[in-house]
There are 2 protein chains.
Amino acid sequence: MTANILVVDDEQSIADLIEVYLKNENYDVFKFYNGRDALQCVENQNIDLAILDVMLPDVDGFSICQQIREKHKFPVIMLTAKEEEIDKITGLTLGADDYITKPFRPLELVARVKAQLRRFTKYNSAEPKQEEHLITFSGLVLDMDTHECTLNEKKLSLTPTEFSILWVLCSNRGRVVSSEELFQEVWGDKYFTNSNNTVMVHIRHLREKMHDSAEHPKYIKTVWGVGYKIEK
Amino acid sequence: MTANILVVDDEQSIADLIEVYLKNENYDVFKFYNGRDALQCVENQNIDLAILDVMLPDVDGFSICQQIREKHKFPVIMLTAKEEEIDKITGLTLGADDYITKPFRPLELVARVKAQLRRFTKYNSAEPKQEEHLITFSGLVLDMDTHECTLNEKKLSLTPTEFSILWVLCSNRGRVVSSEELFQEVWGDKYFTNSNNTVMVHIRHLREKMHDSAEHPKYIKTVWGVGYKIEK
DNA sequence: CAAATCCTTAAGATTATCTTAAGGCAATAT
DNA sequence: ATATTGCCTTAAGATAATCTTAAGGATTTG
């Protein structure tokens, strides 16, 4: 169920952030701010998956990926800044199993990691473990892989943000989740102000699509002064 | 269970206030009114968590945070005045694990401190200690994380203020808590006048929701001339 | 019995949330 | 390239929940 994950990014804040979200999912994280140390780690530790920034000060992600591939089989996910030209990226991410552009949403990163591990164990072990990419309960189905949502056999077409919010609420159901927490989980940003009512607006849209109401909620309940909640 | 906490704020009254509440929770407090002395302390003492005001006369909180991060791993919580622009804040609190805007409620501060320590020990020790965010006794359950309250399996929907008052009473049960003390704990405001009967009104609402009465109290007992009390 | 403290109630002030709509941005199609 | 579409964010007004205040009544104390 758990796995050793290598994280390499010279931007410490980003590496740290990734570490937090992965540890939150109970993965063991091996974090480095440069390529050299990371390569050493690969030899000594039993790594199951690597997340590499393509732009590193010493060795670039592409080289690391190549060197990993010479001896190891585990999946590699590349991180690329959005501004970097697509040509460069296609070159540098060659050989990677997936790549994610910065800034990314924590949920997305975690989902991709799980998907890769799922794919990998599927092809490499007799007893494939199943990571949770589905949430199902009382008529509601959420599929993280396809971002699809079904409510009582009817498909809801949710936007990415709406889906993420509902996902977080559902995976914490029975517990109240504050706007701030939702914001952090969905946007990956620590800084939330009360004047920011964007979470609220998306909740409103969600309720609309679920034929829910704020006054007599069937699904998303408002807990005054605390946050939102879906009953268990 | 206990921990060494560094507190830095140039507003002495605020630093003193924080000290009081933390000591009340049995933490050891190292308090400073400027950044220089605080940094020195970090080197000599075995600090477990820091609370830093972002706006300090000599070194700002951001710099302190950076300097701490170079050598230490403990969590850092930033304090920011509400008026300070969000841009400034995002810059200055970069690298912090959490931030709290002033004015804050003491309970909130304590809760955040506990949360950080919980998170930290979770990632850094084999035997994760559990800090108390739950109060349970004789049919009553209070959950600080979700602000939920259950009495004899029935859910009570308390307002934030009501919850806070009940929390303080419960965590001091067996002892009489004065209106003034309640006011300070819940509102974080030092100045309480006797003509202020707002605590009393909330007690009344609490009793109503708990099906309690002032004459024959099952839970919240009035101690004449002293305050309120919940039996042990 | 008088004085002090506490209880209850309700109205007004405050604060949090809801709703709606408009503008900006980004992805997609022409 | 440009146009179109859909999504996200922001802002402002409306609504609802909560908080505070104040006043009168009740209870306890001395």
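By convention in this document, chain letters (A, B, ...) are assigned in the order of the sequence lines, proteins followed by strands, and residues within each chain are numbered from 1.
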Colleague: Tell me: CD1 of B:I220 to C1' of C:dC6, nearest whole Å?
Modeller: 14 Å

Colleague: Ignoring backbone atoms, establish whether A:R207 has a side-chain N or O less than 4.0 Å from OP1 or OP2 of C:dC18.
Modeller: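 For A:R207, the contact criterion (side-chain N or O under 4.0 Å from OP1 or OP2 of C:dC18) is met.
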
Colleague: Is it the case that over 12 heavy atoms from other parts of the model lie below 6.0 angstrom from the NZ atom of B:K155?
Modeller: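 Yes - once you tally the heavy atoms of other residues, nucleotides and ligands closer than 6.0 Å, there are more than 12.
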
Colleague: Could you state the atom-to-atom distance from CZ of B:F163 to P of D:dT18 in whole Å?
Modeller: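 Distance, rounded to whole Å: 15 Å.
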
Colleague: Please find the pair of heavy atoms, one from A:D97 and one from A:P75, that lie closest to each other, and give the distance.
Modeller: OD2-CA, 3.1 Å

Colleague: When the distance from CH2 of B:W224 to C1' of D:dT27 is rounded to whole Å, what number comes out?
Modeller: 6 Å

Colleague: Quick one: is B:T159 getting a side-chain N or O under 4.0 Å of the D:dC19 phosphate, OP1 or OP2?
Modeller: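 Indeed, a polar side-chain atom of B:T159 lies that close.
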
Colleague: Any side-chain N or O of B:H202 below 4.0 angstrom from OP1/OP2 of D:dT20?
Modeller: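 Checking B:H202 against D:dT20: at least one side-chain N or O falls below 4.0 Å of OP1 or OP2.
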
Colleague: Expressed as a whole number of angstroms, how long is the span from A:M200:CE to C:dT20:C1'?
Modeller: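 Atom CE in A:M200 sits about 14 Å away from atom C1' in C:dT20.
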
Colleague: If you check every side-chain atom of A:V201, which of D:dC7, C:dT9, C:dT20 has the closest atom?
Modeller: C:dT20

Colleague: Nearest to the B:A214 side chain among C:dT8, C:dC18, D:dA11, which nucleotide is it?
Modeller: C:dT8

Colleague: Measure the distance from NE2 on B:H147 to C1' on C:dA16 and round it to the nearest whole Å.
Modeller: 15 Å

Colleague: Can you tell me if B:W187 touches the phosphate of D:dT20, counting only side-chain N or O atoms and a distance under 4.0 Å to OP1 or OP2?
Modeller: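 So the side chain of B:W187 is within the cut-off, an N or O lying under 4.0 Å from OP1 or OP2 of D:dT20.
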
Colleague: If the plane angle is over 60° it's perpendicular, under 30° parallel, otherwise tilted; pick one for B:W187 and B:H202.
Modeller: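 Correct class here is tilted.
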
Colleague: Quick one: A:I203 CD1 to C:dA16 C1', roughly how many Å, whole number?
Modeller: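 Going from CD1 in A:I203 over to C1' in C:dA16 covers 15 Å.
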
Colleague: What's the CG-P distance between A:N197 and D:dT10, to the nearest Å?
Modeller: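 The distance from CG of A:N197 to P of D:dT10 comes to 9 Å, rounded to the nearest Å.
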
Colleague: Can you spot which of A:R204, A:H205, A:H211 makes a side-chain hydrogen bond (donor to acceptor under 3.5 Å, both in side chains) with A:E208?
Modeller: A:R204

Colleague: Closer than 4.0 Å, any side-chain N/O of A:Y228 to the OP1 or OP2 of C:dC18?
Modeller: yes

Colleague: Can you tell me if B:T161 touches the phosphate of D:dC19, counting only side-chain N or O atoms and a distance under 4.0 Å to OP1 or OP2?
Modeller: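 Affirmative; the distance criterion is met.
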
Colleague: Which is it for A:R173 and A:K229 under the side chain to side chain contact (heavy atoms under 4.5 Å, CB included) test, yes or no, and what are the steps along the way?
Modeller: CA-CA 6 Å; A:R173 76 178 184 282; A:K229 170 181 171 181; over 6 Å; no

Colleague: Write down the distance between NE2 (B:H205) and C1' (D:dT18), rounded to a whole number of angstrom.
Modeller: 9 Å

